[in-house]
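The structure appears below as C-alpha cells.
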Amino acid sequence: MPIPVNPPEPWTIALSAGTGDLATGTAVVTTRAPFAMQLIQLPRISVSTAPVGSVITVDMNSGATSPATMLSTKLTIDASEKSSVSGATQGVLSSTTMADNDIITFDIDTVGSSTAGSGLQITLYYVRL
C-alpha cells in the first residue's frame, strides 16, 4: 500500500490549565494555522476532571481576519464523562479547511453546572494541503 503524500496528523491544544475549574469565555485560546490544512474527522475534546450537572460545550472558529465557527453543532462532553467521543450529541463540522496563517480561536460556552470540569484539551485531525 503506498504511503499518502500528506499522512493524517493529530494536533492537541490545551484550552485550559491542567487543574482548576474551567470558566466560560470567547477566544479562550487563539493560535494560527501553521500551514494550509483540512480536518479529516471531527475534533475531540477531553478533560482530566469530568463536569457534573451539565455538559461542557466548545466552539472552534477560523478565518483570515474574522474567525467564524467551523461547527454547525458544537463539541460537547456529557456530564460525568471525560471525552466527547461517546457524547449523546455529536459535533458536526460545517467547514473543514484552514488556510496558512488563518486565525483559530476556541470558545468555552458551558463548563458543567454543579461541578466544572478541568484540564480541557482539543485534538484536531488533519492533513496538510
Side-chain angles (χ1 to χ4, degrees):
M1 175 189 307
I3 297 174
V5 175
N6 296 319
E9 298 180 55
W11 179 17
T12 300
I13 302 165
L15 301 183
S16 73
T19 60
D21 289 350
L22 290 175
T24 60
T26 302
V28 295
V29 170
T30 299
T31 189
R32 294 269 184 172
F35 36 74
M37 64 175 70
Q38 179 173 4
L39 298 178
I40 57 168
Q41 74 179 57
L42 187 64
R44 294 179 178 185
I45 53 174
S46 63
V47 289
S48 56
T49 301
V52 176
S54 65
V55 301
I56 291 173
T57 307
V58 173
D59 195 8
M60 178 177 167
N61 313 285
S62 75
T65 57
S66 181
T69 188
M70 296 185 73
L71 298 161
S72 56
T73 302
K74 297 176 184 181
L75 303 171
T76 60
I77 297 175
D78 292 339
S80 303
E81 297 285 330
K82 291 189 174 184
S83 171
S84 61
V85 173
S86 61
T89 302
Q90 290 294 302
V92 176
L93 284 165
S94 56
S95 175
T96 60
T97 59
M98 289 177 264
D100 182 30
N101 205 41
D102 267 1
I103 300 166
I104 307 169
T105 65
F106 301 93
D107 306 335
I108 301 174
D109 296 336
T110 62
V111 296
S113 56
S114 57
T115 301
S118 68
L120 180 61
Q121 297 182 340
I122 187 167
T123 302
L124 310 179
Y125 301 91
Y126 67 91
V127 292
R128 294 180 191 213
L129 297 178

Please tell me if the side chains of T65 and I103 come closer than 4.5 Å, counting only heavy atoms from C-beta onward.
no
Could you tell me the separation between the OG1 atom of T97 and the CG atom of D102, rounded to the nearest 0.5 Å?
8.0 Å
Distance-minimising heavy-atom pair for M98 and A33:
CB-CB, 4.4 Å
Rounded to the nearest 0.5 angstrom, the CZ-OG distance for F106 and S62 is 9.0 Å
At what distance, to the nearest 0.5 angstrom, does CD1 of I56 lie from NZ of K82?
11.0 Å
Smallest heavy-atom separation, E81 atom then V47 atom, equals O-CG2, 4.1 Å
Keeping S83 on the side-chain end and V85 on the backbone end, is there a donor-acceptor pair under 3.5 Å?
yes
Apply side-chain contact (heavy atoms from CB on, under 4.5 Å) to the pair I104 and W11, showing each step before the final yes or no.
CA-CA 13 Å; I104 307 169; W11 179 17; 4.0 Å; yes
Without swapping roles, check the side chain of T115 against the backbone of P51 for a donor-acceptor pair under 3.5 Å.
no
Less than 3.5 Å apart, which donor and acceptor atoms pair up between the side chains of residues 117-129 and the rest of the protein, not counting sequence neighbours?
unit_1: S118; atom_1: OG; unit_2: T49; atom_2: OG1; d: 2.9
unit_1: T123; atom_1: OG1; unit_2: T12; atom_2: OG1; d: 2.9
unit_1: Y126; atom_1: OH; unit_2: E9; atom_2: OE1; d: 3.3
unit_1: R128; atom_1: NE; unit_2: E9; atom_2: OE2; d: 3.3

Kindly compute the distance separating CG (L75) from OG (S46), expressed to the nearest 0.5 Å.
11.0 Å
Check: T105/N61 side-chain N/O donor and acceptor closer than 3.5 Å
yes
How close do G18 and S48 get, heavy atom to heavy atom, and via which atoms?
O-OG, 3.5 Å
We want to know whether D59 and T69 form a side-chain donor-acceptor pair, criterion being a heavy-atom distance below 3.5 angstrom.
yes
Verdict with supporting geometry, T89 and T73, side-chain contact (heavy atoms from CB on, under 4.5 Å):
CA-CA 8 Å; T89 302; T73 302; 3.9 Å; yes
Minimum heavy-atom separation for S84 and P43, please, with both atom names.
OG-O, 4.3 Å
To the nearest 0.5 Å, what is the distance between CD1 on I40 and CG on L93?
11.0 Å
When D109, T110, T24 are each screened for side chain to side chain donor-acceptor pair (under 3.5 Å) with T57, the one that passes is T110
Under 4.5 Å between any side-chain heavy atoms of V55 and I77, yes or no?
no
OG of S94 to CG of L71, rounded to nearest 0.5 Å, is 6.5 Å
Where K74 and V58 come nearest, the two heavy atoms and their spacing
CB-O, 3.4 Å
List the atom of A64, the atom of R32, and the distance in Å for their closest heavy-atom pair.
O-NH1, 4.3 Å
